[in-house]
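Structure first, commentary second.
Every heavy atom of this structure was used, including side-chain atoms; hydrogens, water molecules and symmetry mates were not.
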2 protein chains.
Amino acid sequence: MADINSLMDPAPPSAATVDEDTAVALPLVDFIELLFFAYRDFVGDPDQILAPIGFGRAHHRVVHFVNRHPGMRVTDLLDILRITKQSLGRVLRELVDEGFVESRAGASDRRQRLLFPTAKGEALARQFVGLQSRRMATALEASGPDGREAVQRFLIAMIDPEDRAAVERLIERADRAARARPA
Amino acid sequence: MADINSLMDPAPPSAATVDEDTAVALPLVDFIELLFFAYRDFVGDPDQILAPIGFGRAHHRVVHFVNRHPGMRVTDLLDILRITKQSLGRVLRELVDEGFVESRAGASDRRQRLLFPTAKGEALARQFVGLQSRRMATALEASGPDGREAVQRFLIAMIDPEDRAAVERLIERADRAARARPA
DNA sequence: AATTTATGTCAGCCATGTTGACTTTTTCGT
DNA sequence: ACGAAAAAGTCAACATGGCTGACATAAATT
C-alpha cells in the first residue's frame, strides 16, 4: 500500500469533487494552480510529435507562429516570444536548414527577413494545431453555453494591459489573412 | 517610421477590435495563441521577485506548491511538476540551504521527507500568490457574470482526463486544510 | 532475510535561455 | 550625399533547468 496517503493517488474513498452542487466559489489560488496544470498538459501535447524529429518546444513555438502569421519579420517573432535574437537564431537556423521555414528579403525594406513556412513546415504546424485544437475544443465545450466568450475575455484580460491591443490586432490580422486565403 | 508594418505596433489607424459587436466566434487557433500570451505574462509576474534573490522559475514553482500543500512528500511534488528527482533535488537543496523550505521525516513512514515552508518561505510564497492573484482576479472579473464558473470548467477540462481527479482532489484538500488553519 | 520503496547524490549531457561585442546591408534623416 | 540608425546575423561564453544512468542509504514490506 504504497501511496495510501499520497496527494496524487487514484481516487479518494468517496470524497466530494470540486464542482459539486454545494461547492463554493474557488479561491483565486485554485485558479492559479488550475492554470498551471492546464498549461502543463497543453504544451505537453506537441512533445510526441517533436521528439521523433529531434525538435523541442522552442521549435514548436517558432513553427506555429511563422505558419500562422506568414511573412512576419524576425523582430515580430522576437516581440512575441520575448527571447533574444541569439536564442531565436539558433532555433531558426535549424528550422531553415531542415526545410521547415524559409526567409525572404522584404520587398519594401530589404533589410527585413520575412519568415514563411515551407510545405513541410505547414504540415508540421497543422499537426500541432490539430492536437491542441482538439483539447481546446473539448475544454471550450465543457466551459458551458456562454463559456467561449467568457474564456475569451478571461484570456485577454490575463495579458499585460499594454500588450493586449497588439495581441488582439495580431490575431485579428491573421484571421483576416486566413479568410482571404482559404486552405 | 520604423515599424509601420509591424505586427506588434502600438495602434492601427482605426481597425475594429476583436470583441466588436459584429465579431464572430474566434477560431480555435486564436484561443491557442491567447492562452500562450496569457501564460507568458502570467508566469512573468514572479520574475521581478525572483531575480533579486537569485532564484528562477523552478524555485517559484517549488515554493508555491510546498507552501500551498504543506507536508507534501517529495514524490507528490515530482508528480505535480513532472520533472526528475535530480532536477528537483538541485532546486530543493538550494531552497533548504537558504532557509525557504524544510523537510522533516514522516511520522508514519520515516523514509518520507515531508516538505514544509519556513516563515521565510511562506512570506515569499505570499508575494507570488499576491501578484498572480491580482492578475487572476482582474481577469475573472473581466470574464463576465458567470465567467468564473465557465473559466473553472474550462481550465479543468484542459487538464489530461486521467489527471483531472487527482488535481481536483489536491486542490480540494488544500482548501480544506487552509480553512481549518486560517492565517 | 530478501526485496521494495522513498529519498538523495554524483557525473555528465542537452535544450534553451542570457550578455556582450561586432559585422553587413539597407534605410532614414538632415 | 553622408552619417546615423535599424534589421538581421554571428561568435563566444555562460546560466538555468531539464535529462539519463549509476549507485547509496534507510526504512518498510513480504
Starting the side chain at C-beta, find the nucleotide from C:dT19, D:dG21, C:dT7 nearest to A:Gln86.
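In terms of side-chain proximity for A:Gln86, the closest of C:dT19, D:dG21, C:dT7 is C:dT19.
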Side chain of A:Arg61 (C-beta onward), nearest among D:dA8, C:dG8, C:dG17:
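Closest nucleotide to the A:Arg61 side chain: C:dG17.
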State which residues pass side-chain contact (heavy atoms from CB on, under 4.5 Å) with A:Lys120; sequence neighbours excluded, sorted by chain then number.
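For A:Lys120 the side-chain contact (heavy atoms from CB on, under 4.5 Å) partners, ignoring immediate neighbours, are A:Phe100, A:Thr118.
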For A:Asp47, side-chain contact (heavy atoms from CB on, under 4.5 Å) partners two or more places apart:
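So A:Asp47 forms a side-chain contact (heavy atoms from CB on, under 4.5 Å) with A:Leu50, A:Arg57.
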For the pair made of [atom1] in [X] and [atom2] in [N], what is the distance, rounded to whole Å?
X	N	atom1	atom2	answer
A:Arg73	D:dA8	CZ	C1'	11 Å
B:Asp76	C:dT7	CG	C1'	13 Å
B:Arg40	C:dG17	CZ	P	13 Å
A:Asp109	C:dT24	CG	C1'	14 Å
B:Asp47	D:dG17	CG	P	10 Å
A:Arg93	C:dT16	CZ	P	13 Å
B:Ile83	C:dA15	CD1	P	18 Å
A:Glu94	C:dA15	CD	P	8 Å

Might you work through the side-chain contact (heavy atoms from CB on, under 4.5 Å) test for A:Arg148 and B:Leu28, ending with a clear yes or no?
CA-CA 10 Å; A:Arg148 213 177 164 101; B:Leu28 287 174; 4.1 Å; yes
Answer whether the closest heavy-atom distance between the side chains of A:Leu34 and A:Leu26 falls below 4.5 Å.
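The answer is yes; the side chains approach within 4.5 Å.
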Do the side chains of A:Leu88 and A:Leu81 get nearer than 4.5 Å, heavy atoms only?
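A:Leu81 reaches A:Leu88 side chain to side chain.
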Compare side-chain N and O positions of [X] against OP1 and OP2 of [N] and report whether any pair is under 4.0 Å apart.
X	N	value
A:Thr75	D:dA7	no
A:His59	C:dT16	yes
B:Thr84	D:dC19	yes
A:Arg90	C:dT18	no
A:Ser87	C:dT18	yes

Through what angle, rounded to 10 degrees, does the axis of the helix from C:dA1-D:dT30 to C:dT30-D:dA1 turn between its ends, using five pairs per end?
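Both end axes considered, the difference amounts to 30°.
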Return the 5'-most residue of the pair B:Leu78, A:Val91 with respect to DNA chain C, ranking by each residue's nearest nucleotide.
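The residue mapped nearer the 5' terminus is B:Leu78.
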Between B:Arg113 and A:Ala107, which is nearer to the 5' end of DNA chain C once each is assigned its nearest nucleotide?
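Nearest nucleotide further toward 5': that of B:Arg113.
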Is the distance from the ring center of B:Phe65 to that of A:Phe36 below 6.0 Å?
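Here the rings of A:Phe36 and B:Phe65 have centres that are less than 6.0 Å from each other.
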Could you identify which residues of residues 51-58 of chain B place a heavy atom less than 4.0 Å from some atom of DNA chain D, listed by residue number, or say none?
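Per residue number, the list reads B:Gly56, B:Arg57, B:Ala58.
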Decide whether A:Glu33 and B:His69 meet the rule of one side-chain donor and one side-chain acceptor closer than 3.5 Å.
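Looking only at side-chain atoms, B:His69 and A:Glu33 do form a donor-acceptor pair, the distance falling under 3.5 Å.
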Going only through I, L, V, M, F, W and Y residues with side-chain contacts under 4.5 Å, is there a path from A:Leu170 to A:Leu114?
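Looking at the clustering, A:Leu114 is in a separate group from A:Leu170.
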According to a 4.5 Å side-chain heavy-atom criterion applied to Ile, Leu, Val, Met, Phe, Trp and Tyr, with indirect links allowed, do A:Leu78 and A:Phe116 form part of one hydrophobic cluster?
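Not linked; separate clusters.
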What distance do A:Asp146 atom CG and A:Arg153 atom CZ have between them, rounded to the nearest 0.5 Å?
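If I round to the nearest 0.5 Å, the distance is 8.0 Å.
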List the residues meeting side-chain hydrogen bond (donor to acceptor under 3.5 Å, both in side chains) with A:Thr138, not counting sequence neighbours, and say none if there are none.
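Partners of A:Thr138 under the side-chain hydrogen bond (donor to acceptor under 3.5 Å, both in side chains) test: none.
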Which heavy atom in B:Asn67 sits nearest to a heavy atom in B:Pro117, and how many Å separate them?
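Where B:Asn67 meets B:Pro117 most closely, the heavy atoms are ND2-CG, 3.7 Å.
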Enumerate the protein-to-nucleotides 23-26 of chain D contacts in which both atoms are nitrogen or oxygen and the separation is below 3.5 Å.
none

